[in-house]
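As structure tokens, the structure follows; a few thoughts come after it.
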There are 2 protein chains.
Amino acid sequence: MLKLTKKADYGLMALKYLAEHPETPALSAKDVADAYGIPAQLLAKILQRLTKTGLLRSQAGINGGYALARDARQISAYEVILAIDGPFFITSCTKGAHGCELTPSCTIKEPLARVNETIAGVLKSISIHDLVEQEHPPQGGDKKGLVSLTV
Amino acid sequence: MLKLTKKADYGLMALKYLAEHPETPALSAKDVADAYGIPAQLLAKILQRLTKTGLLRSQAGINGGYALARDARQISAYEVILAIDGPFFITSCTKGAHGCELTPSCTIKEPLARVNETIAGVLKSISIHDLVEQEHPPQGGDKKGLVSLTV
DNA sequence: CAGTATACGACTAATTTGGTCGGCCTTACA
DNA sequence: TGTAAGGCCGACCAAATTAGTCGTATACTG
């Protein structure tokens, strides 16, 4: 539990793959899907979603496909997950307009909202480029870590 | 997405409720369920789970019920969630014994494992007592925050 | 021994997620 | 200029997970 959906996983994998192939002008959904052995049509839908939210640029027609809309460093894991899975909250009820149904239950949620922000912060601090980097894990100053934040 | 299950929510709410009533020797599942308007039998199962994992003490019979097994400060949100929802990983595949099915997909997961640890760290740093405290949000040094961690 | 409560497992229902299908629109290029 | 590769989109079905219910056994109190 508390896990990403497969769709978000696929999306991240695909973006990483695109980031790893900057030379090619565009890769089709099928290309990426085959590379990872995931359902092509499903990936297609995901990439379409990412395109609509501006993370990818697409090109129809022969030799068409997708490419990152920005530098891999400028795309955070947070944006990807948000685009695919929609806004997430660790609490079941959003403390938006309507409040919570269960009478006093929201008392739990307020402190957990901070947890939520922390998670979002971590996710925002990780870029697609970081994912590429990590594949060949740094041997030297490994300990310095990837993330540092205070809430 | 990335949200707690209702069961975990209920569990946290119930523990908070128990923490708020330290004077009473035990509260029944029904008492708590009624207080929050949640299904009594479902809550019962959750509390039983928490009892089995040692977070609660239970007493059968008349005037029986549940009470915190430890001080509210010594019970972390992490333990509660873990007890109810089982171990969670932000990645779809655990990097345990078998590795991942999808050929190269795990390259994504490794960096995300750190995110996972961060989340676990935040959750571990929040106790049931903190949930109680937060209900009357501190007016003064509000800005100091609840959590501070480096990964 | 009667009533209240936990303990536990099986079962069903609801929701979410994963995945498929079919049709339409765009583009390169022969 | 027409055809095939490929994106775009919505509806749909299937699988998995989560939520919730029921029944029964067991434990404790008076």
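Here is the naming used below: chain letters follow the sequence lines, and residue numbers restart at 1 for every chain.
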For this session: Please state how far atom CG in A:Leu42 lies from atom C1' in C:dG18, giving the value in whole angstrom units.
Result: 6 Å
Seminar exercise, completed: Here the distance between atom P of C:dA28 and atom CD1 of A:Ile62, to the nearest Å, is 10 Å
For this session: Rounded to the nearest angstrom, tell me the gap between atom NZ in A:Lys7 and atom C1' in C:dT16.
Result: 9 Å
For this session: Please state whether the phosphate of C:dG18, meaning OP1 or OP2, lies under 4.0 angstrom from any side-chain nitrogen or oxygen of A:Tyr10.
Result: no
N/O contacts under 3.5 Å, protein versus nucleotides 6-13 of chain C?
residue, atom, partner, partner atom, Å
C:dT6, OP1, B:Ala29, N, 2.7
C:dT6, O3', B:Ser58, OG, 3.4
C:dA7, OP1, B:Ser58, OG, 2.7
C:dA7, OP2, B:Tyr66, OH, 3.0
C:dA7, N7, B:Gln48, NE2, 3.2
C:dA10, N6, B:Lys45, NZ, 3.4

For this session: Kindly state each residue pair satisfying ring pair (Phe, Tyr, Trp, His ring centres under 6.0 Å) with at least one member in residues 13-34 of chain A, sequence neighbours excluded.
Result: A:Tyr17-A:His21, A:Tyr17-A:Tyr36
Problem set entry | Side-chain heavy atoms of A:Leu18 within contact of A:Ile128, under 4.5 Å | no
For this session: Using the side-chain contact (heavy atoms from CB on, under 4.5 Å) rule, pick out the option among A:Leu123, A:Ile126, A:Leu50 that qualifies with A:Val80.
Result: A:Leu50
For this session: Return the value, rounded to whole Å, for the distance between atom CZ of A:Arg49 and atom P of C:dG18.
Result: 11 Å
Exercise. Given atom CG of A:Leu50 and atom P of D:dC8, what is their separation to the nearest angstrom?
Worked result: 11 Å
Problem set entry | Note, B:Val122 side chain near A:Val122 side chain (heavy atom, < 4.5 Å) | no
Exercise. Whole-Å distance between D:dT17 P and B:Lys6 NZ?
Worked result: 19 Å
For this session: With the side chain of A:Pro39 defined as its heavy atoms from C-beta on, choose the nearest nucleotide among C:dA28, D:dT29, C:dG19.
Result: C:dG19
Exercise. Can you find a pair of side-chain heavy atoms, one from B:Thr53 and one from B:Leu82, that are under 4.5 Å apart?
Worked result: no
Problem set entry | Set of residues satisfying ring pair (Phe, Tyr, Trp, His ring centres under 6.0 Å) with respect to A:Tyr66, sequence neighbours excluded | none
Exercise. In whole Å, what is the span from the CE atom of A:Met13 to the C1' atom of C:dG18?
Worked result: 13 Å
Problem set entry | Rounded distance (Å) that lies between atom C1' of C:dG3 and atom CG of B:Asn63 | 11 Å
